[in-house]
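I have placed the structure first, in the form of structure tokens, so that the comments after it can refer back to it.
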Amino acid sequence: AEETPHWRPAVRFAPARNWINDPNGLVFFEGEYHLFCQHNPHGDQWGNMSWAHAVSPDLVRWEELPVALEPDELGDIYSGSAVVDHHDTSGFFGGQPGLVAIYTSAGESQQQSIAYSTDRGRTWTKHADNPVIPNPGIEDFRDPKVFWHGGTGRWVLLIAAGDRIQIYGSANLRDWELLSEFGAEHGSHGGVWECPDLFELPVDGDPARTRWVLIVSINPGGPAGGSATQYFTGDFDGTRFTSDGSPEEVRWVDRGADFYAPQSFSDVPDGRRLWLGWTSNWNYADKIPTDPWRGMMSTPRQLSLATGAGGGLLLVQQPVGELAGVRANRRAWSGPLTEGGGVEFRGSAVDVVARFQLGAASAVGVDVFAGPGGRTRVGYDAAAGELFVDRTRSGRAQVSAEFPARHRTPLVVEGEAVELRVIADRSCVEVFADGGRAVLTDLVFPDEGSDRISAFAEGAGAHVELEVFDLAP
Ligand code: FRU
């Protein structure tokens with residue numbers, strides 16, 4: 001196929017070549033953020049599953065390193081996580097801190113294995129007694145996420161086990177004991193459960209009031225079709241997760257089509273809870289038209305919990321502050337928006353902030369990647385009370401039958417003011433509204449040179465303050 005450098009993202013990780021899917025082993029250690037991910041080192045389709053590896057000083061500039069983990073006699077290397085073993089509980093590090101990766105060995109059955117690195121993640125040694133959690137007779141048994149639970153002074157591991165999450169505990173990362181299960185009766189079961197995560201967050205920024213958030217990806221059954229990620233809020237006592245919500249309640253972290261298998265970073269030094277996801281969808285991941293790579297990550301996002309209008313807790317996502325550090329070439333315009341639109345800017349890797357006053361308009365928003373062949377429209381539909389991304393005319397939209405679509409999520413607007421933050425990066429659009437309570441992530445494949453950016457309104461009386469920055473790492 002023809003190479004597609006114009007679709008290579010500016011501020012997120014994509015491999016130089018070949019296939020990637022889920023982020024794995026996200027961890028900060030000795031001044032570096034590590035990003036591992038599912039990878040086929042030998043082709044641009046899923047297969048030969050290995051862990052690719054990249055490092056970054058700032059979550060924005062990623063340097064790809066050699067493949068970290070490759071298949072062995074126990075099978076392929078599926079998704080998993082990594083931790084800093086600060087006190088050498090594992091005994092791998094002669095009393096020093098070191099990195100331990102926990103992953104699924106996918107051979108005749110799915111089992112959990114570990115590997116360790118004594119050289120800041122550059123090389124890895126697989127543990128001699130793998131698997132550390134043999135398959136207990138469950139077909140889908142994968143994607144271990146480990147964290148240190150201070151309250152009980154032990155490691156906790158979550159694993160996706162078909163239609164539920166299993167929780168294990170360990171003193172040393174090698175010997176694991178099953179503690180509890182969650183989920184057979186909760187949430188969406190439109191597909192198999194995958195890639196769990198669990199972390200504690202302050203509520204409304206108050207460190208004295210915290211809740212736990214359980215993350216579960218499912219495929220298929222997502223709100224935009226195919227794969228997507230749901231969350232539960234509740235309590236975790238070190239052994240058991242209890243959900244705040246009713247069993248039927250289903251909440252999605254992102255109702256765009258392309259944010260899957262997100263994982264949070266371990267050991268972030270300033271205590272922020274940060275994550276990123278794979279910007280693709282199992283519905284059409286194998287048909288993504290980029291070349292010579294296929295697959296990329298979202299921009300990293302900071303997570304928080306806020307009390308919603310109904311009193312329930314909402315997961316809030318905002319682009320990490322580091323992204324503002326690579327803004328360049330600020331351009332701004334403010335004025336009334338007639339149906340014909342306002343001033344146009346150009347850019348194919350941009351951070352856009354648009355503050356609208358609605359007036360009598362029925363919709364307001366921003367067109368990005370616009371040119372003769374189409375555009376991607378991001379906006380607020382006042383009648384429906386929804387934030388949307390419309391990629392029906394976004395360039396190469398015939399990736400698959402379901403690709404050309406409009407994706408939406410409820411957006412609460414009080415009064416007249418609507419603020420949108422749009423990260424449009426070559427072949428991806430991420431939109432954050434209502435301070436990060438409403439988020440949509442979509443892949444798009446604009447024609448080369450389709451780089452116009454403008455605000456629009458449908459109906460009269462809208463006003464905009466538009467700011468556009470290039471993303472220039
Ligand atoms: C999720 C997933 C995981 C699995 C990995 C295999 O996208 O299916 O459950 O570990 O991909 O590549």
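Ligands are counted one by one from 1 in listed order, and the atoms in each one are counted from 1 as well.
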Salt bridge Asp22-Arg142, side-chain N to carboxylate O under 4.0 Å: no

Test item: side-chain donor near acceptor, Glu63 and Ser56, under 3.5 Å: no

Geometry only, no angles: is Arg142 polar-contacting ligand 1 at N/O separations under 3.5 Å? yes

In terms of relative ring orientation, are Phe232 and Trp193 parallel, tilted or perpendicular, with 30° and 60° separating the classes? tilted

Inspect the contact between Arg12 and Asp425 and indicate whether a charged nitrogen and a carboxylate oxygen are less than 4.0 angstrom apart. yes

Considering only the protein, which heavy-atom contact is closest to atom 8 (O) of ligand 1, and what is its distance? Glu194 OE2, 2.9 Å

Parallel, tilted or perpendicular: which describes the rings of Trp275 and Phe259, with under 30° parallel and over 60° perpendicular? tilted

Looking only at distances, please establish whether an N/O atom of ligand 1 is found under 3.5 Å from an N/O atom of Ser79. yes

For Tyr260, the atoms of ligand 1 under 4.0 Å from one of its heavy atoms are 1 (C), 7 (O)

Any donor-acceptor pair under 3.5 Å from Ser243 side chain to Gly245 backbone: yes

Side chain, backbone, both or neither: which applies to Thr104 and ligand 1 if a contact is any heavy-atom pair less than 4.0 Å apart? neither

For Trp46 and ligand 1, does the shortest N/O to N/O distance drop below 3.5 Å? yes

In this structure, does ligand 1 have an atom that sits under 4.0 Å from one of the heavy atoms of Trp278? no

Give me the ring orientation class for Trp212 and Phe147: parallel if the planes are under 30° apart, tilted from 30 to 60°, perpendicular past 60°. tilted

Provide, to 0.1 Å, the distance between atom 6 (C) of ligand 1 and the closest protein heavy atom, together with that atom's residue and name. Gln38 OE1, 3.2 Å

Can you tell me if Asp22 has a non-hydrogen atom under 4.0 Å from ligand 1? yes

Close-contact set for ligand 1 against Asp143 heavy atoms, below 4.0 Å: 3 (C), 4 (C), 9 (O), 10 (O)

